[in-house]
Amino acid sequence: MTSKRIVNQRTLLILILAAAAWVRITGLNWGLPHTYEEATPLRVAVSMWGWVTGQPTTLNPSFFNYPSLSFYLHFLIQGILFLVLKLTGAMASVADWRFLYLTDPTPQYVAARLLGVTLGVMTV
């Protein structure tokens, strides 16, 4: 292949990936803070942290109707979100995270949906 053709293919790939990301990102806040079935992996991950229930953190999702990898990825994302919010001063403790989750879980859902965007673009 010529180098010009490789550049054109890379450019096309970048455009396709950008379009895939744009389609997914435009609906990122749709319906929030109300969610339905899509929130199951997030809810299971939150229960694994034990922040809402007061239970100790566990790596056992105790729910096996979905593939477990989705729970572990959401578990990781929520941990990262907590660290980011704590380091930026947006919250000081797990109690603040719990309050946010119970009153307006939009940040948690946006973080979870960004995981979906990332995986969707990677699939493309």
Side-chain angles (χ1 to χ4, degrees):
M1 277 195 234
T2 65
S3 63
K4 186 174 184 178
R5 186 171 179 178
I6 292 172
V7 170
N8 288 340
Q9 289 176 345
R10 285 184 185 164
T11 304
L12 181 60
L13 177 62
I14 290 170
L15 289 173
I16 290 170
L17 292 175
W22 180 79
V23 167
R24 287 165 175 80
I25 289 173
T26 56
L28 203 60
N29 287 327
W30 180 83
L32 291 178
H34 307 290
T35 59
Y36 302 99
E37 174 198 318
E38 62 150 326
T40 299
L42 171 65
R43 289 186 192 120
V44 171
V46 167
S47 71
M48 289 168 62
W49 277 110
W51 291 338
V52 175
T53 61
Q55 299 294 320
T57 300
T58 179
L59 293 179
N60 181 359
S62 302
F63 182 86
F64 302 103
N65 295 356
Y66 285 61
S68 294
L69 179 61
S70 64
F71 304 139
Y72 295 121
L73 291 174
H74 283 277
F75 180 82
L76 178 66
I77 292 298
Q78 292 307 310
I80 291 169
L81 176 65
F82 175 76
L83 285 176
V84 167
L85 292 175
K86 188 166 180 156
L87 291 174
T88 60
M91 65 177 51
S93 67
V94 170
D96 292 340
W97 190 96
R98 180 183 312 121
F99 179 78
L100 181 64
Y101 181 76
L102 294 174
T103 57
D104 182 16
T106 299
Q108 287 91 346
Y109 285 118
V110 168
R113 287 180 176 183
L114 282 172
L115 173 63
V117 167
T118 303
L119 296 175
V121 171
M122 287 173 60
T123 300
V124 170

Quick check: is [Y] connected to [X] through a chain of hydrophobic side chains (ILVMFWY, heavy atoms under 4.5 Å apart)?
X: L17; Y: I25; value: yes
X: V124; Y: L12; value: yes
X: L42; Y: L102; value: yes

I need the minimum non-hydrogen distance between [X] and [Y], along with the two atoms involved.
X: H74; Y: P41; result: CD2-CB, 3.4 Å
X: A112; Y: I77; result: N-CG2, 4.3 Å
X: P61; Y: F64; result: CG-CE2, 3.9 Å

Query raised in the report: Donor-acceptor pair, Y72 side chain versus L59 backbone, under 3.5 Å?
Result: yes
Once you round to the nearest 0.5 Å, how far does [atom1] of [X] lie from [atom2] of [Y]?
X: T11; Y: Q9; atom1: OG1; atom2: CD; result: 10.0 Å
X: L13; Y: N8; atom1: CG; atom2: CG; result: 12.5 Å
X: L76; Y: L81; atom1: CG; atom2: CG; result: 11.5 Å

**Report entry** ring pair (Phe, Tyr, Trp, His ring centres under 6.0 Å) involving F75 - partner list, sequence neighbours excluded
**Finding:** W49
Query raised in the report: Are any of the side-chain heavy atoms of W97 and Q78 separated by less than 4.5 Å?
Result: yes
Query raised in the report: Which of these, V117, V121, L115, sits in a side chain to side chain contact (heavy atoms under 4.5 Å, CB included) with L119?
Result: L115
Query raised in the report: Applying the side chain to side chain contact (heavy atoms under 4.5 Å, CB included) test to Y101, which of T106, V52, D96 qualifies?
Result: V52
Taking side chain to side chain contact (heavy atoms under 4.5 Å, CB included) as the definition, give me every residue that meets it alongside [X], ordered by chain and number, with sequence neighbours left out.
X: V94; answer: W51, F82, R98
X: L100; answer: L85, M91, P107, Q108
X: F63; answer: T40, V44, N65, Y66, F71

Query - For R24, salt bridge (Lys or Arg N to Asp or Glu O under 4.0 Å) partners two or more places apart - result: none
Query raised in the report: Taking only residues at least two apart or on different chains, which pairs with a member in residues 102-124 satisfy ring pair (Phe, Tyr, Trp, His ring centres under 6.0 Å)?
Result: none
Query raised in the report: Looking just at side-chain N and O atoms, do N60 and T58 make a donor-acceptor pair shorter than 3.5 Å?
Result: no
